[in-house]
Amino acid sequence: MKTRGNSIIIGATAFIMLTYITLSVVGARENTEIEIEKINGKISQLGNVKVVAIAPYSDFKARKLIFNSNGNNEIEEIKYDRFYNVDEKVLNNKDLYRETMYPTTSFENSDVQIIGSGDWNEIDIAENLNSYTINIACKEKNSGKIERIKTDKKVYDMSLLKIQVVGNKTYLIAEEVEMSNDKMEPKLVVYNVDFKNKAIDEVKRYDVLENTRCIPSNNSVKNNKFYFLINHNADDYLGKKSAYKISIGCINLNTLELDTVDYDLFEVNDMELDSSVQYYIEGNKLYGISTVATNYNKIKSDYFFQFDLEKNKFDIVKELGINVNTTKKEEDIIDFKVEKNKMCLLLRKKYKEDDGNPIRQSECFVKVINMDTQKEVMMAKILPNSEYYYSIKLDKDLSKTKEKGA
(Lines give C-alpha, C1' and ligand atoms only; values in the text may rest on other atoms or scores of the structure.)
Protein backbone atom coordinates (compact mmCIF):
# COMPACT_ATOMS: atom_id res chain seq x y z
CA MET A 1 0.00 0.00 0.00
CA LYS A 2 2.84 2.28 0.89
CA THR A 3 4.59 1.39 -2.35
CA ARG A 4 1.46 2.22 -4.33
CA GLY A 5 1.13 5.55 -2.52
CA ASN A 6 4.74 6.42 -3.33
CA SER A 7 4.14 5.48 -6.95
CA ILE A 8 1.14 7.81 -7.10
CA ILE A 9 3.18 10.64 -5.59
CA ILE A 10 6.08 10.01 -7.97
CA GLY A 11 3.69 9.79 -10.92
CA ALA A 12 1.94 13.03 -9.95
CA THR A 13 5.27 14.78 -9.47
CA ALA A 14 6.48 13.56 -12.86
CA PHE A 15 3.24 14.76 -14.47
CA ILE A 16 3.59 18.21 -12.91
CA MET A 17 7.24 18.45 -14.00
CA LEU A 18 6.37 17.28 -17.51
CA THR A 19 3.56 19.84 -17.68
CA TYR A 20 5.91 22.60 -16.47
CA ILE A 21 8.59 21.65 -18.99
CA THR A 22 6.01 21.50 -21.79
CA LEU A 23 4.61 24.93 -20.91
CA SER A 24 8.14 26.33 -20.63
CA VAL A 25 9.02 25.00 -24.07
CA VAL A 26 5.79 26.36 -25.54
CA GLY A 27 6.49 29.75 -23.89
CA ALA A 28 10.05 29.70 -25.20
CA ARG A 29 8.76 29.22 -28.74
CA GLU A 30 6.80 32.46 -28.57
CA ASN A 31 8.23 35.65 -30.07
CA THR A 32 10.60 33.72 -32.37
CA GLU A 33 10.30 36.27 -35.17
CA ILE A 34 8.91 39.66 -36.09
CA GLU A 35 5.71 39.00 -38.00
CA ILE A 36 5.14 41.35 -40.92
CA GLU A 37 1.79 41.56 -42.68
CA LYS A 38 2.41 43.31 -45.97
CA ILE A 39 -0.36 45.72 -46.97
CA ASN A 40 1.12 47.05 -50.21
CA GLY A 41 4.44 47.40 -52.02
CA LYS A 42 7.58 45.28 -51.62
CA ILE A 43 9.45 44.69 -48.38
CA SER A 44 12.70 45.27 -50.33
CA GLN A 45 11.83 49.00 -50.30
CA LEU A 46 13.30 49.05 -46.77
CA GLY A 47 16.76 48.95 -48.37
CA ASN A 48 19.41 49.10 -45.62
CA VAL A 49 16.83 49.87 -42.92
CA LYS A 50 15.90 47.11 -40.46
CA VAL A 51 13.16 46.69 -37.86
CA VAL A 52 14.74 45.72 -34.52
CA ALA A 53 12.65 44.49 -31.57
CA ILE A 54 13.31 43.01 -28.14
CA ALA A 55 10.75 40.29 -27.33
CA PRO A 56 10.79 38.85 -23.76
CA TYR A 57 9.78 35.19 -23.43
CA SER A 58 10.61 34.54 -19.76
CA ASP A 59 11.40 36.50 -16.61
CA PHE A 60 15.12 36.63 -17.40
CA LYS A 61 15.44 36.06 -21.14
CA ALA A 62 14.46 37.77 -24.38
CA ARG A 63 15.13 37.51 -28.06
CA LYS A 64 16.53 40.31 -30.17
CA LEU A 65 14.66 40.07 -33.46
CA ILE A 66 15.88 41.80 -36.60
CA PHE A 67 13.71 41.97 -39.72
CA ASN A 68 15.50 43.12 -42.89
CA SER A 69 14.55 44.05 -46.45
CA ASN A 70 15.07 40.46 -47.63
CA GLY A 71 12.11 39.43 -45.52
CA ASN A 72 14.35 37.41 -43.22
CA ASN A 73 14.50 37.33 -39.42
CA GLU A 74 17.75 37.28 -37.46
CA ILE A 75 17.37 35.96 -33.90
CA GLU A 76 19.73 36.57 -30.97
CA GLU A 77 19.23 35.35 -27.40
CA ILE A 78 19.87 38.12 -24.85
CA LYS A 79 19.57 38.70 -21.12
CA TYR A 80 16.48 40.51 -19.91
CA ASP A 81 14.95 41.17 -16.49
CA ARG A 82 11.16 41.41 -16.67
CA PHE A 83 10.88 42.65 -13.06
CA TYR A 84 13.16 45.67 -13.53
CA ASN A 85 12.45 46.01 -17.26
CA VAL A 86 16.12 46.19 -18.24
CA ASP A 87 18.15 44.41 -20.91
CA GLU A 88 21.68 43.04 -21.10
CA LYS A 89 23.31 46.48 -21.27
CA VAL A 90 22.38 46.86 -17.58
CA LEU A 91 22.62 43.19 -16.59
CA ASN A 92 26.20 42.88 -17.94
CA ASN A 93 27.25 46.00 -15.98
CA LYS A 94 25.37 45.66 -12.69
CA ASP A 95 28.20 47.30 -10.73
CA LEU A 96 27.95 50.44 -12.86
CA TYR A 97 24.15 50.63 -13.02
CA ARG A 98 23.50 49.64 -9.38
CA GLU A 99 22.57 53.17 -8.25
CA THR A 100 21.65 54.54 -11.68
CA MET A 101 19.54 51.81 -13.26
CA TYR A 102 17.59 54.06 -15.63
CA PRO A 103 20.06 56.66 -16.98
CA THR A 104 18.84 59.55 -19.11
CA THR A 105 22.25 60.23 -20.64
CA SER A 106 25.41 58.24 -21.28
CA PHE A 107 28.85 58.32 -22.88
CA GLU A 108 31.25 55.56 -23.84
CA ASN A 109 34.64 55.32 -25.52
CA SER A 110 37.55 52.86 -25.35
CA ASP A 111 38.58 54.11 -21.90
CA VAL A 112 35.43 54.82 -19.90
CA GLN A 113 31.69 54.28 -19.67
CA ILE A 114 29.66 57.06 -18.00
CA ILE A 115 25.95 57.18 -17.16
CA GLY A 116 23.85 59.90 -15.55
CA SER A 117 20.32 60.30 -14.23
CA GLY A 118 18.23 62.79 -12.28
CA ASP A 119 15.45 62.25 -9.74
CA TRP A 120 13.02 64.56 -7.95
CA ASN A 121 13.00 64.43 -4.15
CA GLU A 122 11.36 67.30 -2.30
CA ILE A 123 9.19 70.28 -3.23
CA ASP A 124 9.66 73.63 -1.51
CA ILE A 125 6.27 75.29 -1.99
CA ALA A 126 7.36 78.52 -0.27
CA GLU A 127 10.30 79.10 -2.63
CA ASN A 128 8.62 77.38 -5.58
CA LEU A 129 11.73 75.21 -6.00
CA ASN A 130 12.31 71.47 -6.18
CA SER A 131 15.18 69.30 -5.02
CA TYR A 132 16.72 67.52 -8.02
CA THR A 133 19.29 64.78 -7.33
CA ILE A 134 21.93 64.14 -10.01
CA ASN A 135 23.62 60.71 -10.02
CA ILE A 136 26.65 60.13 -12.24
CA ALA A 137 28.75 56.96 -12.40
CA CYS A 138 31.97 56.43 -14.36
CA LYS A 139 33.67 53.08 -14.94
CA GLU A 140 37.29 52.80 -16.09
CA LYS A 141 37.40 49.88 -18.50
CA ASN A 142 41.00 48.80 -17.83
CA SER A 143 40.84 48.73 -14.03
CA GLY A 144 37.09 48.27 -13.53
CA LYS A 145 37.18 51.10 -10.97
CA ILE A 146 33.92 52.99 -10.55
CA GLU A 147 33.62 56.61 -9.40
CA ARG A 148 30.24 58.04 -8.34
CA ILE A 149 28.96 61.55 -7.80
CA LYS A 150 25.66 62.41 -6.15
CA THR A 151 24.55 65.99 -5.68
CA ASP A 152 21.32 67.93 -5.12
CA LYS A 153 20.23 71.09 -6.93
CA LYS A 154 17.42 73.47 -6.03
CA VAL A 155 15.61 74.27 -9.26
CA TYR A 156 12.09 74.87 -10.55
CA ASP A 157 12.55 72.27 -13.31
CA MET A 158 15.55 70.43 -14.74
CA SER A 159 16.47 67.64 -17.17
CA LEU A 160 19.82 66.13 -18.13
CA LEU A 161 20.50 66.30 -21.87
CA LYS A 162 24.00 64.93 -22.51
CA ILE A 163 27.21 63.89 -20.79
CA GLN A 164 30.36 64.07 -22.91
CA VAL A 165 34.11 63.64 -22.47
CA VAL A 166 36.19 66.27 -24.29
CA GLY A 167 39.93 65.83 -23.85
CA ASN A 168 40.56 65.55 -20.09
CA LYS A 169 37.24 67.17 -19.16
CA THR A 170 33.79 65.71 -18.63
CA TYR A 171 30.85 68.01 -19.38
CA LEU A 172 27.23 67.59 -18.37
CA ILE A 173 24.69 69.59 -20.39
CA ALA A 174 21.32 70.23 -18.77
CA GLU A 175 18.18 72.26 -19.30
CA GLU A 176 17.06 74.27 -16.28
CA VAL A 177 13.89 76.29 -15.91
CA GLU A 178 13.85 79.42 -13.80
CA MET A 179 10.74 81.33 -12.67
CA SER A 180 10.64 85.10 -13.05
CA ASN A 181 7.43 87.08 -12.42
CA ASP A 182 5.40 83.87 -12.79
CA LYS A 183 7.01 83.26 -16.17
CA MET A 184 9.11 80.20 -17.01
CA GLU A 185 12.57 80.94 -18.41
CA PRO A 186 14.40 77.82 -19.65
CA LYS A 187 18.20 77.94 -19.81
CA LEU A 188 20.89 75.64 -21.16
CA VAL A 189 23.65 75.00 -18.62
CA VAL A 190 27.05 73.33 -19.05
CA TYR A 191 28.56 71.75 -15.94
CA ASN A 192 32.05 70.42 -15.35
CA VAL A 193 32.00 66.95 -13.75
CA ASP A 194 34.95 66.52 -11.38
CA PHE A 195 35.16 62.89 -10.27
CA LYS A 196 38.30 63.50 -8.21
CA ASN A 197 36.66 66.11 -5.99
CA LYS A 198 33.14 64.65 -6.29
CA ALA A 199 31.78 67.92 -7.64
CA ILE A 200 29.53 69.15 -10.45
CA ASP A 201 30.22 72.85 -11.07
CA GLU A 202 28.48 75.24 -13.46
CA VAL A 203 30.72 76.47 -16.28
CA LYS A 204 28.40 78.45 -18.53
CA ARG A 205 24.71 79.34 -18.83
CA TYR A 206 22.89 80.19 -22.09
CA ASP A 207 19.65 82.13 -22.60
CA VAL A 208 19.07 80.78 -26.09
CA LEU A 209 15.77 79.00 -25.42
CA GLU A 210 13.61 82.14 -25.10
CA ASN A 211 10.58 80.61 -23.38
CA THR A 212 10.78 77.45 -25.50
CA ARG A 213 12.09 74.00 -24.63
CA CYS A 214 15.10 72.12 -25.89
CA ILE A 215 14.55 68.82 -27.71
CA PRO A 216 17.57 66.50 -27.29
CA SER A 217 18.46 63.42 -29.30
CA ASN A 218 20.34 60.25 -28.35
CA ASN A 219 23.14 60.84 -30.85
CA SER A 220 23.46 64.60 -30.44
CA VAL A 221 27.25 65.06 -30.45
CA LYS A 222 29.39 65.24 -33.58
CA ASN A 223 33.08 66.30 -33.55
CA ASN A 224 32.75 67.56 -29.96
CA LYS A 225 29.80 69.73 -30.90
CA PHE A 226 26.50 69.28 -29.04
CA TYR A 227 23.53 69.75 -31.37
CA PHE A 228 20.00 70.35 -30.15
CA LEU A 229 16.70 71.43 -31.62
CA ILE A 230 14.51 74.29 -30.40
CA ASN A 231 10.82 73.98 -31.17
CA HIS A 232 9.27 77.48 -31.20
CA ASN A 233 5.62 78.39 -30.83
CA ALA A 234 5.72 82.18 -30.81
CA ASP A 235 2.06 82.85 -30.08
CA ASP A 236 0.16 86.09 -30.27
CA TYR A 237 -2.23 85.70 -27.33
CA LEU A 238 -4.63 88.26 -28.79
CA GLY A 239 -5.69 85.46 -31.08
CA LYS A 240 -4.48 86.96 -34.34
CA LYS A 241 -1.46 84.95 -35.42
CA SER A 242 0.73 82.04 -34.47
CA ALA A 243 4.25 81.77 -35.89
CA TYR A 244 6.05 78.46 -36.05
CA LYS A 245 9.76 78.01 -36.62
CA ILE A 246 12.49 75.51 -35.88
CA SER A 247 16.05 76.26 -34.80
CA ILE A 248 19.18 74.12 -34.75
CA GLY A 249 21.49 75.01 -31.88
CA CYS A 250 25.11 74.00 -31.42
CA ILE A 251 27.48 74.30 -28.47
CA ASN A 252 31.13 73.81 -29.40
CA LEU A 253 32.42 71.88 -26.39
CA ASN A 254 36.03 72.82 -27.22
CA THR A 255 35.33 76.56 -26.93
CA LEU A 256 31.86 76.59 -25.27
CA GLU A 257 30.68 78.97 -27.99
CA LEU A 258 27.02 78.83 -29.03
CA ASP A 259 25.52 79.15 -32.50
CA THR A 260 21.93 78.85 -33.72
CA VAL A 261 20.33 78.75 -37.17
CA ASP A 262 16.60 79.55 -37.50
CA TYR A 263 14.06 78.57 -40.13
CA ASP A 264 10.61 80.19 -40.17
CA LEU A 265 8.04 77.72 -41.46
CA PHE A 266 4.72 79.58 -41.56
CA GLU A 267 2.13 81.73 -39.82
CA VAL A 268 -1.49 80.76 -39.27
CA ASN A 269 -4.57 82.54 -37.93
CA ASP A 270 -4.91 80.29 -34.90
CA MET A 271 -3.98 81.40 -31.43
CA GLU A 272 -1.99 78.31 -30.56
CA LEU A 273 -0.15 75.45 -32.22
CA ASP A 274 0.74 71.93 -31.10
CA SER A 275 3.97 70.53 -32.48
CA SER A 276 6.28 67.56 -32.02
CA VAL A 277 9.73 66.93 -33.48
CA GLN A 278 12.01 63.94 -33.93
CA TYR A 279 15.52 64.04 -35.36
CA TYR A 280 18.81 62.17 -35.55
CA ILE A 281 22.35 62.70 -36.85
CA GLU A 282 23.94 60.49 -39.48
CA GLY A 283 27.24 61.41 -41.09
CA ASN A 284 27.29 65.17 -41.59
CA LYS A 285 23.52 65.51 -41.82
CA LEU A 286 20.79 66.10 -39.26
CA TYR A 287 17.41 64.70 -40.33
CA GLY A 288 14.14 65.71 -38.69
CA ILE A 289 10.35 65.48 -38.91
CA SER A 290 8.09 68.11 -37.38
CA THR A 291 4.36 67.45 -37.02
CA VAL A 292 2.32 70.62 -36.48
CA ALA A 293 -1.38 70.84 -35.60
CA THR A 294 -3.63 73.85 -35.03
CA ASN A 295 -5.64 73.60 -31.85
CA TYR A 296 -8.90 74.88 -33.28
CA ASN A 297 -9.36 73.00 -36.55
CA LYS A 298 -6.98 70.12 -35.79
CA ILE A 299 -5.29 70.24 -39.19
CA LYS A 300 -1.97 68.43 -39.13
CA SER A 301 1.02 69.09 -41.37
CA ASP A 302 4.20 67.02 -41.50
CA TYR A 303 7.45 68.78 -42.36
CA PHE A 304 10.76 67.13 -43.23
CA PHE A 305 14.03 69.01 -42.76
CA GLN A 306 17.65 68.21 -43.48
CA PHE A 307 20.48 70.25 -41.94
CA ASP A 308 24.09 70.23 -43.16
CA LEU A 309 26.38 70.16 -40.10
CA GLU A 310 29.49 71.21 -42.06
CA LYS A 311 27.89 74.10 -43.96
CA ASN A 312 25.72 75.02 -40.94
CA LYS A 313 22.56 75.50 -42.98
CA PHE A 314 19.23 73.89 -43.81
CA ASP A 315 19.52 71.87 -47.05
CA ILE A 316 15.89 70.84 -47.30
CA VAL A 317 12.72 72.00 -45.57
CA LYS A 318 9.46 70.89 -47.15
CA GLU A 319 5.97 69.83 -46.27
CA LEU A 320 5.30 66.20 -46.99
CA GLY A 321 2.57 65.97 -49.59
CA ILE A 322 1.55 62.56 -48.30
CA ASN A 323 0.29 61.84 -44.81
CA VAL A 324 2.96 59.95 -42.92
CA ASN A 325 0.20 58.51 -40.76
CA THR A 326 -1.95 55.54 -41.68
CA THR A 327 -5.55 56.18 -40.63
CA LYS A 328 -6.94 59.67 -40.02
CA LYS A 329 -3.60 60.78 -38.54
CA GLU A 330 -4.15 58.93 -35.28
CA GLU A 331 -0.59 57.58 -35.16
CA ASP A 332 2.59 58.58 -33.37
CA ILE A 333 5.91 58.42 -35.17
CA ILE A 334 8.02 56.03 -33.08
CA ASP A 335 11.10 56.22 -35.27
CA PHE A 336 12.23 57.16 -38.77
CA LYS A 337 15.26 56.76 -41.03
CA VAL A 338 16.25 58.45 -44.31
CA GLU A 339 18.06 56.65 -47.11
CA LYS A 340 18.75 58.53 -50.34
CA ASN A 341 15.34 59.62 -51.62
CA LYS A 342 13.28 57.40 -49.31
CA MET A 343 11.97 57.80 -45.79
CA CYS A 344 11.15 54.79 -43.61
CA LEU A 345 8.74 55.39 -40.73
CA LEU A 346 7.74 53.30 -37.74
CA LEU A 347 4.22 54.27 -36.64
CA ARG A 348 2.05 53.35 -33.66
CA LYS A 349 -1.71 53.69 -33.98
CA LYS A 350 -3.45 55.26 -30.97
CA TYR A 351 -6.50 53.64 -29.43
CA LYS A 352 -9.31 55.87 -28.24
CA GLU A 353 -10.80 55.66 -24.76
CA ASP A 354 -14.13 54.31 -26.02
CA ASP A 355 -12.82 51.57 -28.32
CA GLY A 356 -13.74 48.84 -25.81
CA ASN A 357 -10.20 47.42 -25.68
CA PRO A 358 -9.32 46.78 -22.01
CA ILE A 359 -5.73 45.77 -22.82
CA ARG A 360 -5.16 48.96 -24.86
CA GLN A 361 -2.83 47.32 -27.37
CA SER A 362 -1.56 49.56 -30.13
CA GLU A 363 -1.11 48.53 -33.74
CA CYS A 364 2.30 49.15 -35.25
CA PHE A 365 3.14 49.90 -38.90
CA VAL A 366 6.26 50.40 -40.99
CA LYS A 367 5.91 52.64 -44.03
CA VAL A 368 8.27 53.77 -46.82
CA ILE A 369 7.74 57.04 -48.68
CA ASN A 370 9.45 58.12 -51.89
CA MET A 371 10.48 61.70 -51.09
CA ASP A 372 10.70 62.77 -54.75
CA THR A 373 7.28 61.58 -55.86
CA GLN A 374 5.63 61.98 -52.41
CA LYS A 375 4.13 58.52 -52.84
CA GLU A 376 3.87 55.60 -50.46
CA VAL A 377 5.88 52.72 -51.93
CA MET A 378 5.49 50.20 -49.10
CA MET A 379 3.42 49.68 -45.98
CA ALA A 380 3.25 46.70 -43.65
CA LYS A 381 1.73 45.91 -40.27
CA ILE A 382 3.91 44.54 -37.47
CA LEU A 383 2.18 41.79 -35.51
CA PRO A 384 0.75 41.30 -33.06
CA ASN A 385 1.13 44.84 -31.54
CA SER A 386 3.71 47.23 -30.15
CA GLU A 387 3.10 46.22 -26.51
CA TYR A 388 4.19 42.69 -27.43
CA TYR A 389 7.80 43.95 -27.49
CA TYR A 390 10.00 45.47 -24.79
CA SER A 391 11.29 47.89 -27.42
CA ILE A 392 10.96 48.34 -31.16
CA LYS A 393 12.90 50.69 -33.43
CA LEU A 394 14.45 51.18 -36.85
CA ASP A 395 18.15 50.63 -37.46
CA LYS A 396 20.34 51.09 -40.49
CA ASP A 397 23.25 49.10 -41.89
CA LEU A 398 25.71 51.95 -42.49
CA SER A 399 28.42 49.61 -43.83
CA LYS A 400 26.23 48.72 -46.82
CA THR A 401 25.39 52.38 -47.34
CA LYS A 402 29.11 53.24 -47.53
CA GLU A 403 29.76 50.37 -49.93
CA LYS A 404 27.07 51.65 -52.27
CA GLY A 405 28.43 55.18 -52.02
CA ALA A 406 25.17 56.56 -50.68
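Here, residue 1 is the first one in the sequence, and each next residue gets the next number. Values in this document were obtained by computation on a predicted structure and should not be read as measured data.
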(message) Could you walk me through whether Y132 and L160 satisfy the side chain to side chain contact (heavy atoms under 4.5 Å, CB included) test, starting with their C-alpha distance in whole Å, then the side-chain angles of each, then the deciding distance to 0.1 Å, before giving a yes or no?
(response) CA-CA 11 Å; Y132 189 78; L160 308 186; 3.8 Å; yes
(request) Please report the closest heavy-atom contact between C364 and I392, naming both atoms and the distance. (result) SG-CD1, 4.4 Å
(message) Is there a side-chain contact between N130 and K154 in this structure, where contact means two heavy atoms from C-beta onward sitting under 4.5 Å apart?
(response) no
(request) Using the side chain to side chain contact (heavy atoms under 4.5 Å, CB included) rule, take D315 and K285 through it: C-alpha gap first, then chi angles, then the decisive distance, then the call. (result) CA-CA 9 Å; D315 283 340; K285 303 290 184 181; 2.6 Å; yes
(message) Would you compute the distance between atom CG of N142 and atom OG of S110 and round it to the nearest 0.5 angstrom?
(response) 8.5 Å
(message) Other residues, nucleotides and ligands only: do more than 12 of their heavy atoms fall within 6.0 Å of NZ on K313?
(response) no
(request) Flag the pair D95 and K139 as a salt bridge only when some basic side-chain nitrogen lies within less than 4.0 angstrom of an acidic carboxylate oxygen. (result) yes
(request) Would you sort out whether V377 and I369 count as a side chain to side chain contact (heavy atoms under 4.5 Å, CB included), showing the intermediate values? (result) CA-CA 6 Å; V377 293; I369 296 173; over 6 Å; no
(request) Show your working on salt bridge (charged side-chain N to carboxylate O under 4.0 Å, His left out) between K396 and E282 and close with a plain yes or no. (result) CA-CA 10 Å; K396 193 172 178 182; E282 183 181 301; 3.1 Å; yes
(request) Would you verify whether the NZ or CZ of K187 falls within 45 degrees of the ring axis of Y206 while also being under 6.0 Å from that six-membered ring's centre? (result) no
(request) Drop me the distance from F304's CZ to K318's NZ, to the nearest 0.5 angstrom. (result) 7.5 Å
(message) Please check this pair: side chain of Q374 against backbone of M371, looking for a donor-acceptor N/O pair closer than 3.5 Å.
(response) yes
(message) Salt bridge check, E147 against K145: does any charged N sit closer than 4.0 Å to a carboxylate O?
(response) yes
(message) So N48 and K337, do their side chains get closer than 4.5 Å, heavy atoms only?
(response) no
(message) Tell me if a side-chain donor or acceptor on N93 pairs with a main-chain N or O of L96 at a distance below 3.5 Å.
(response) no
(request) May I ask you to decide if I163's main-chain N or O and T105's side chain share a donor-acceptor pair within less than 3.5 Å? (result) yes
(message) Given the ring of F60, does R82 sit roughly above its face, with NZ or CZ under 6.0 Å from the centre of the six-membered ring and within 45° of the axis?
(response) no
(request) Give a yes or no answer on whether the side chain of K169 reaches the backbone of N254 with a donor-acceptor pair at less than 3.5 Å. (result) no
(message) Looking at N70, is its backbone amide N or carbonyl O close enough to the side chain of N68 to form a donor-acceptor pair, meaning the two atoms are under 3.5 Å apart?
(response) yes
(message) Return the OG to CZ distance between S247 and F314, rounded to the nearest 0.5 Å.
(response) 7.0 Å
(request) Can you see which heavy atom on T100 is nearest to which on I115, and at what distance? (result) O-CD1, 3.5 Å
(message) Do L345 and I289 have side chains that approach each other closer than 4.5 Å (heavy atoms only, starting at C-beta)?
(response) yes
(message) To check you understand the geometry: which heavy-atom pair defines the closest contact between L309 and G283, and what is its length?
(response) CD1-O, 4.2 Å
(message) Donor-acceptor check, side chain of T260 to backbone of G249, threshold 3.5 angstrom: yes or no?
(response) no
(message) Is there a side-chain contact between Y102 and V86 in this structure, where contact means two heavy atoms from C-beta onward sitting under 4.5 Å apart?
(response) yes
(request) Kindly compute the distance separating CD1 (I251) from CG (D259), expressed to the nearest 0.5 Å. (result) 11.0 Å
(request) Test side chain to side chain donor-acceptor pair (under 3.5 Å) on T133 and D152 and set out the steps. (result) CA-CA 4 Å; T133 301; D152 291 331; 2.5 Å; yes
(message) Side chains of S117 and N135: any donor to acceptor distance under 3.5 Å?
(response) no
(message) Nearest 0.5 angstrom please: I136 CD1 to D194 CG, how far?
(response) 11.0 Å
(message) Donor-acceptor check, side chain of Q278 to backbone of I333, threshold 3.5 angstrom: yes or no?
(response) yes
(request) Please report the shortest heavy-atom distance between K141 and N109, naming the atom on each side. (result) NZ-O, 2.7 Å
(message) Looking at E77 and R63, is there a salt bridge between them, counting it only when a charged N and a carboxylate O are closer than 4.0 Å?
(response) yes
(message) Applying salt bridge (charged side-chain N to carboxylate O under 4.0 Å, His left out) to E74 and K50, what does each step give before you reach the verdict?
(response) CA-CA 10 Å; E74 300 173 29; K50 302 176 287 188; 5.4 Å; no
(message) Within the structure provided, determine whether F365 and I382 are in side-chain contact (heavy-atom separation under 4.5 Å).
(response) no
(message) Can a donor-acceptor pair be found, under 3.5 Å and without considering hydrogens, that links the side chain of D335 to the backbone of L394?
(response) yes
(message) Can you confirm whether Y80 sits close enough to K61 that some side-chain heavy atom of one is under 4.5 Å from a side-chain heavy atom of the other?
(response) no
(message) One thing to verify: whether E376 and K367 come together as a salt bridge, which I'm taking to mean a side-chain N less than 4.0 angstrom from a carboxylate O.
(response) yes
(request) Could you tell me whether a side-chain N or O of K79 sits under 3.5 Å from a main-chain N or O of K89, the two making a donor and an acceptor? (result) no
(message) Between D308 and N284, is the side chain to side chain donor-acceptor pair (under 3.5 Å) condition met? List the steps.
(response) CA-CA 6 Å; D308 191 309; N284 292 315; over 6 Å; no
(request) Start with the C-alpha distance between D395 and V49, add both sets of side-chain angles, then the distance that settles side chain to side chain contact (heavy atoms under 4.5 Å, CB included), and finish with yes or no. (result) CA-CA 6 Å; D395 202 356; V49 177; over 6 Å; no
(message) Is a donor from one side chain sitting under 3.5 angstrom from an acceptor on the other, for E257 and N252?
(response) no
(message) So Y191 and I173, do their side chains get closer than 4.5 Å, heavy atoms only?
(response) no
(request) Without swapping roles, check the side chain of N223 against the backbone of K225 for a donor-acceptor pair under 3.5 Å. (result) no
(request) Tell me whether the centres of the aromatic rings in F228 and F226 are closer together than 6.0 Å. (result) yes
(message) I need the minimum non-hydrogen distance between M343 and F336, along with the two atoms involved.
(response) CG-CD1, 4.4 Å
(request) To the nearest 0.5 Å, tell me how far C138 SG sits from I146 CD1. (result) 9.0 Å
(request) Assert yes or no for the condition that the ring centre distance of Y279 to Y287 is strictly below 6.0 Å. (result) no
(message) Side chains of I75 and K64, heavy atoms from C-beta outward: is any pair under 4.5 Å?
(response) no
(request) Could you tell me which non-hydrogen atom of T104 sits nearest to which non-hydrogen atom of G118, and how far apart they are? (result) OG1-N, 4.4 Å
(request) Consider only side-chain N and O atoms of N341 and D372, and report whether a donor and an acceptor are under 3.5 Å apart. (result) yes
